[in-house]
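Both backbone and side-chain heavy atoms feed into the values below; hydrogens, waters and symmetry mates do not. So that the names make sense, note that chain A is the first sequence line, chain B the second, and so on, each numbered from 1.
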Amino acid sequence: MVRLTTPLKDTDIEALHAGDAVLLSGVVYTARDAAHARLTELLRQGSPLPIDLTGQVIYYVGPTPTKPGQIIGSAGPTTSGRVDSYTPELLAQGLKGMIGKGLRNQTVRDALMVHKAVYLAATGGAAAMLAKRIVSCEIIAYEDLGCEAIRRLEVKDLPLIVINDCYGRDFYLESRQRWDKTEQEG
Amino acid sequence: MKNINASNITKSVKAACIEACLFLPDDVLDSLKGARLREESPAGLDVLDQLVENAQIARNEQVPICQDTGLVLVFVELGQDAHVIDGSLYDAINEGIRQGYEEGYLRKSIVRHPLDRVNTQDNTPAVIYTEIVPGDRLKLTIAPKGGGSENMSVARVFPPAVGAEGIKRFVLETVRNAGPNPCPPIIVGVGIGGTLDKAAVLSKKAILRRVGEPGANPTDAKLEADLLQAVNDTGVGPSGYGGRVTALAVHVESYPCHIASLPVAITIQCHAARHKEIDL
Ligand code: SF4
């Protein structure tokens with residue numbers, strides 16, 4: 001089990017390998033499809049972003065509304081592949097990590113090697129449990145997007161698995177090869 | 001003739017939406033616990049432990065199991081001798097969803113048009129299927145369906161010659177393509193026969209059955225057993241981290257069809273298999 005604290009440095013990334021279990025602490029930012037569209041639109045116009053991405057981690061999540069007395073509603077990962085087309089531009093801005101669930105495309109996997117970054121998964125659907133590892137939450141941009149607004153979260157020991165490391169390995173593909181019992185007839 | 005007041009329908013639907021999103025049904029929870037005994041991969045076991053823990057936290061703290069509280073699917077069985085009074089049935093259902101999603105702190109995930117994508121802000125409208133049945137009762141099955149698993153669902157009409165082998169290839173291809181995306185362990189609902197749309201509705205009905213209960217038709221039940229074995233042999237595993245438990249169950253529902261066609265629809269349901277029944 002690797003303990004990591006954000007912001008992440010190149011040496012942190014180099015020490016991570018596909019399949020490693022990680023407990024992440026520190027600040028992470030939330031963003032889903034709509035926020036990604038706005039961020040990359042700003043970059044294409046040459047305008048500054050509402051957050052400095054250097055060394056940061058983005059969590060793909062759209063939480064449920066916060067009940068009175070709660071820090072945040074249920075907050076599990078959403079499918080990462082939907083933001084694949086935006087990801088390389090954010091990695092170029094210094095983004096070091098992303099948390100989601102599901103497969104990334106080859107372009108993203110290549111960009112992780114180029115920019116020395118990592119893709120981690122949280123357990124899909126474990127949203128009530130994951131919310132308990134979030135110790136603070138504040139909306140910092142795009143409040144009009146509702147559950148898709150950008151939030152600044154502080155997490156404590158968020159349980160994650162390294163899926164794509166900076167060496168081009170993919171834990172999903174490796175696991176499937178290892179556990180597949182069927183003859184692949186195509 | 002029995003009169004059923006629309007406001008009662010609203011009240012029941014509201015409560016059912018909240019309960020469905022907070023409390024994982026016992027059969028699903030038991031099935032996750034049972035899966036722990038079959039799972040061989042350490043990463044897969046960790047996931048199953050987390051899911052059982054998650055369901056307990058959600059129940060104790062009365063919070064949603066998953067942040068995606070879904071699009072609300074409603075199956076209506078309306079007795080031909082029942083009469084809804086003081087309002088329309090569908091308006092009453094949608095009003096219940098509106099109230100349930102607001103007061104239950106559930107996420108609103110519906111957009112008004114597939115292309116302009118403006119959120120309706122109240123999680124309506126539901127997708128409603130109505131069957132007229134004998135008697136005077138009104139039965140509603142409320143099933144909030146997550147987007148992550150729905151996005152991996154498919155339907156296609158095959159020539160009859162592909163047979164059971166063709167269905168199996170289609171299911172395996174779908175499960176492999178989906179990989180980790182629909183939050184395995186999944187429940188695979190397979191609808192065969194009818195027309196393209198009929199098969200799709202059957203595949204939705206299939207996910208509502210008690211987890212692992214065999215189909216009523218022996219041919220379907222045999223197909224279910226074959227498919228479950230094959231799906232679990234893919235090795236996708238919990239969360240796609242590899243392992244023996246990719247699916248908790250495969251449920252098949254069938255219907256007669258045209259001599260020329262074999263419609264097949266596959267609904268992928270994630271482990272957050274939420275549903276609640278209402279009898280009025
Ligand atoms: S697929 Fe199911 S468990 Fe996974 S995030 Fe969506 S609703 Fe939740």
Side-chain angles (χ1 to χ4, degrees), chain A residues 19-21 30 32-34 61-70 72-82 100-104 121-132 144-148 159 161 163 170-186, chain B residues 21-22 40-41 43-44 46-47 50-51 53-59 61-69 101-102 104-109 117 119 121 146-148 151 169 172-173 176 178-184 230 232-244 246 270-272:
Chain A
D20 286 352
T30 71
R32 286 177 45 111
D33 321 32
V61 56
T64 55
T66 310
K67 274 205 302 193
Q70 272 188 318
I72 190 170
S74 296
T78 191
T79 308
S80 311
R82 290 196 316 269
K101 61 150 174 143
L103 300 160
R104 308 308 301 260
T123 300
M129 184 274 286
L130 292 165
K132 292 189 75 85
D144 60 298
L145 293 180
C147 79
E148 298 208 43
I161 296 273
I163 302 296
D170 185 314
F171 182 58
Y172 289 137
L173 299 183
E174 291 176 15
S175 308
R176 194 181 305 186
Q177 277 158 10
R178 175 156 166 232
W179 292 91
D180 194 342
K181 274 188 179 174
T182 56
E183 307 92 341
Q184 302 263 358
E185 317 147 32
Chain B
C21 289
L22 269 42
E40 295 164 17
S41 111
D46 280 348
V47 168
Q50 287 188 13
L51 296 180
E53 184 195 345
N54 185 65
Q56 280 155 357
I57 292 173
R59 179 170 288 273
E61 308 200 354
Q62 311 241 318
V63 295
I65 301 159
C66 184
Q67 79 288 338
D68 184 353
T69 48
Y101 274 68
E102 189 55 37
Y105 296 92
L106 308 178
R107 202 181 80 183
K108 290 92 183 163
S109 313
R117 309 205 70 83
N119 198 303
Q121 304 291 356
N151 284 0
R169 269 197 303 276
L172 290 182
E173 176 193 305
R176 280 209 184 90
N181 290 25
C183 295
N232 283 333
D233 282 349
T234 61
V236 169
S239 275
Y241 299 163
R244 290 283 59 95
T246 301
C270 55
H271 58 74

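For B:S109, no part sits under 4.5 Å from any heavy atom of chain A, backbone or side chain. With a 4.5 angstrom heavy-atom cutoff, B:A55 does not touch chain A via any of its atoms. Looking at A:A126, both its backbone and its side chain come within 4.5 Å of chain B, counting heavy atoms on both sides. Residue B:Q121: no heavy atom, backbone or side chain, is found under 4.5 Å from chain A. A:T123 touches chain B through backbone and side chain together, each having a heavy atom under 4.5 Å away. Neither the backbone nor the side chain of B:Q56 comes within contact range of chain A; no heavy atoms are under 4.5 Å apart. For A:A34, no part lies under 4.5 angstrom from a heavy atom of chain B. Heavy atoms of B:I65 lying under 4.5 Å from chain A belong to its backbone as well as its side chain. Within the 4.5 angstrom heavy-atom criterion, no atom of A:S80 approaches chain B. Proximity to chain B is limited to the side chain of A:Q70, based on heavy atoms less than 4.5 angstrom apart. Looking at B:E61, the atoms closer than 4.5 Å to chain A (heavy atoms on both sides) sit in the backbone and in the side chain alike. In this structure, chain A has no heavy atom under 4.5 Å from any part of B:A272.
Each of B:T69, B:L51, B:N232 has some count of heavy-atom pairs under 4.5 Å with chain A, and the biggest count is that of B:L51. In terms of non-hydrogen atom pairs under 4.5 Å with chain A, the most contact-rich of B:C66, B:S239, B:A58, B:P64 is B:P64. Considering only heavy-atom pairs separated by less than 4.5 Å from chain A, the leading option among B:V236, B:L106, B:D46 is B:L106. Here A:A128 is the residue among A:G81, A:A128, A:G146, A:P159 with the most heavy-atom pairs under 4.5 Å with chain B. Of the listed residues A:S175, A:G102, A:C147, A:P65, the one with more heavy-atom pairs under 4.5 angstrom with chain B than any other is A:P65.
Rounding to the nearest 0.5 Å places CH2 of A:W179 at 11.0 Å from OG1 of B:T246. Interatomic distance, CE of A:M129 versus CD of B:E53, reported as 5.5 Å (0.5 Å rounding). The CD atom of B:Q67 sits 8.5 Å away from the CG atom of A:L130 when rounded to the nearest 0.5 Å. Taking CD1 from A:I161 and OH from B:Y241, the interatomic distance works out to 5.5 Å, rounded to the nearest 0.5 Å. Between B:D68 atom CG and A:S74 atom OG the span is 11.5 Å, to the nearest 0.5 Å. Separating the CG atom in A:D144 from the CG atom in B:N119 is a distance of 12.0 Å, to the nearest 0.5 Å.
With a 4.5 Å cut-off on side-chain heavy atoms, B:I57 and A:K132 count as touching.
Taking every heavy atom of both residues into account, B:R107 and A:P63 meet most closely at CD-O, 3.6 Å. A:Y172 and B:G240 make their closest contact through CD2-O, 3.2 Å (heavy atoms, listed as atom of the first residue, atom of the second, distance). Residue A:A127 comes nearest to B:N54 through the heavy atom pair N-OD1, 3.3 Å, listed as atom of the first residue, atom of the second, then distance. Considering every non-hydrogen atom in both A:G125 and B:C183, the closest pair reads N-SG, 4.0 Å.
With no hydrogens or angles considered, a side-chain donor-acceptor pair links A:T182 and B:R176 at under 3.5 Å.
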Practice task
Verify side chain to side chain contact (heavy atoms under 4.5 Å, CB included) between B:N181 and A:K101, making sure each step is shown before the conclusion.
Solution key: CA-CA 6 Å; B:N181 290 25; A:K101 61 150 174 143; 5.6 Å; no
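With hydrogens and angles ignored, the 3.5 Å screen pairs no side-chain donor or acceptor of A:K67 with any backbone N or O of B:G104.
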